[in-house]
Engineer: 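My questions will all concern the structure given below.
Predicted model, so just to flag it, every value in this text is computed and none were measured.
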Amino acid sequence: MNQQLSSPAAALAQDSINNERLQAFIASLATFGGRADGGVSRETLTDIDLASRRYLIDQARALGCEVMVDDCANLFFRRPGQRNDLPAVLTGSHGDTQPVGGKLDGAYGVVAGLEVIAALNDAGINTLRPIEVVAWTNEEGSRFGPGAMGSSAFVDPSSLKGYLDAVDQNKVRFSEALRVALDSTPDVPRCAMQRPMSACVELHIEQGPVLERAGIPLGVVTGIQAVRWFNVTCHGSMAHAGTTPMDERRDAMAAAVALAQKLYDFAAAEAANQLRLTLGRWQVTPNSVNTIPGRVDFTVDMRCLTDSVLDRFEAFLRGLAAESNDAVSLERFFQRAPTHFPRPILDLIQTAAERACTHAGLPAPMSITSGAFHDAMYLADHCPTAMIFVPSIKGISHNAAEATDPRDLLLGVQALAYTVTALANQAP
């Protein structure tokens, strides 16, 4: 890795990023699903999304890339290397948005990858390994659940079968939307999933306030938090709101509120460990103004980079349920261990980011943990993987107001160019 840290080709690639072209590319992609409020509505595999994919295909081909698509409609744009028999270096992100999202979440990483290829072309740099830019399918999970379908299916192709029956709010099955997407690109050859990759680097907006609050323009992402999701049900008895004395009620909402407070207190006690707790979806039965709730269901989202902290929290939650004499039941329906990115790639990104920040006269990058899921979480199970963050103004994302200073967007792509080029020149 020492040769990577002092790579002349990587430095030249970093210096060849064209900011005007980058900003124009971001703006152009944002017109697909663009809204009057500045946001973007481009849910996965909709007509708008398919149109944006065709735009990306045309842009990639104009840069001399080979375009490929796999069985989950993940798009790959490949720049050949001197040794095309070697596994490629992968970068990119996703092009789909929330129903009302911004122009950067996901899309920035895809555009950044293509700008890196354009810069390599401008500089006349031929890398040893191929470089591929990917646009993953359905990272957001807003139209079809779960999210990150494309990246998870690429890493584990057997999971695709389980996604095919997912249905959107209009009763369209994912299998049908996928068929339409693949049929829309008859000119794009099919490639295999689970193909070997030598490394993967994803550039993304932070989607939180940490970098901006610290006045730092780039973040070296050390890992992604572990997460556990639960359904919690509090059982009571429906009764008339006006005739039932308070001391004779079995009010499920009262039980749920008391339980929620205990969970928040536990989370506050673990604040130093950066435990994050969200009690998200609430359903009250019968949800009537004059009936005592007989049942309350809510979800628990707990996240932390340290799994042992989540072990303690889960034990506490299960203990409360056990003490309730069957008044509280719970089910864990999702769990993901923490993702820790490997030190050699982190060191390389640190060097790349420091060089970009120094040349711009800005503070050095900082290490940061991702609290959100990203496609890189799944790629980390497949090849050495890491991420780079740029700040989000006011920490806003999944919102039309999502924005990042153009200066920081440039720095992120410069750091990516250095990193990807150095990795692509790594000998086997």
Engineer: Evaluate the criterion salt bridge (Lys or Arg N to Asp or Glu O under 4.0 Å) for residue pair Glu176 and Arg179; output intermediate values, then yes/no.
Structural biologist: CA-CA 5 Å; Glu176 175 61 16; Arg179 181 193 64 77; 2.6 Å; yes
Engineer: Kindly indicate, with the supporting measurements, whether the criterion salt bridge (Lys or Arg N to Asp or Glu O under 4.0 Å) is fulfilled by Arg249 and Asp247.
Structural biologist: CA-CA 6 Å; Arg249 299 181 179 210; Asp247 60 354; over 6 Å; no
Engineer: Apply the test side-chain contact (heavy atoms from CB on, under 4.5 Å) to residues Leu263 and Met302: give CA-CA distance (whole Å), side-chain angles for both, the deciding distance (0.1 Å), then the verdict.
Structural biologist: CA-CA 10 Å; Leu263 296 179; Met302 57 175 74; over 6 Å; no
Engineer: Going by distance alone, is a donor N or O of one side chain under 3.5 Å from an acceptor N or O of the other, for Gln98 and Ser142?
Structural biologist: no
Engineer: Apply side-chain hydrogen bond (donor to acceptor under 3.5 Å, both in side chains) to Glu314 and list each qualifying residue two or more places apart in sequence or on a separate chain.
Structural biologist: Arg228, Arg318, Arg332
Engineer: Could you pull out every donor-acceptor pair under 3.5 Å between side chains of residues 404-413 and any protein atom, sequence neighbours left out?
Structural biologist:
| residue | atom | partner | partner atom | Å |
| --- | --- | --- | --- | --- |
| Thr404 | OG1 | Pro391 | O | 2.6 |
| Asp405 | OD1 | Arg407 | N | 2.8 |

Engineer: Is a side-chain donor-acceptor pair under 3.5 Å present for Ser392 with Glu206?
Structural biologist: no
Engineer: For Phe298, enumerate each residue passing the ring-ring contact (aromatic ring centres under 6.0 Å, His included) test, keeping only those at least two apart in sequence or located in another chain.
Structural biologist: Trp282
Engineer: Start with the C-alpha distance between Asp96 and Arg42, add both sets of side-chain angles, then the distance that settles salt bridge (Lys or Arg N to Asp or Glu O under 4.0 Å), and finish with yes or no.
Structural biologist: CA-CA 5 Å; Asp96 63 312; Arg42 190 171 59 235; over 6 Å; no
Engineer: Report yes or no: is the cationic atom of Arg173 (NZ for Lys, CZ for Arg) under 6.0 Å from the centre of the six-membered ring of Phe144, at an angle within 45° of the ring normal?
Structural biologist: no
Engineer: Taking the ring centre of each residue, are Tyr108 and Phe25 less than 6.0 Å apart?
Structural biologist: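 Between Phe25 and Tyr108, which both carry aromatic rings, the centre distance is not below 6.0 Å.
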Engineer: Taking atom types as modelled, is there a side-chain donor on Trp136 or Asn74 under 3.5 Å from an acceptor on the other?
Structural biologist: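 No donor-acceptor contact under 3.5 Å links the two side chains.
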Engineer: If you define the side chain from C-beta out and look only at heavy atoms, does anything of Val220 sit under 4.5 Å from Ile368?
Structural biologist: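 When only atoms from C-beta onward are counted, Ile368 and Val220 do not touch, as no gap falls below 4.5 Å.
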Engineer: Would you call the rings of Phe266 and Phe316 parallel, tilted or perpendicular, taking 30° and 60° as the class edges?
Structural biologist: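 Rings of Phe266 and Phe316: parallel, under 30°.
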Engineer: Check whether Phe32 forms a cation-pi arrangement with Arg53 (NZ or CZ under 6.0 Å from the six-membered ring centre, at most 45° off the ring normal).
Structural biologist: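 That pair does not qualify as a cation-pi contact.
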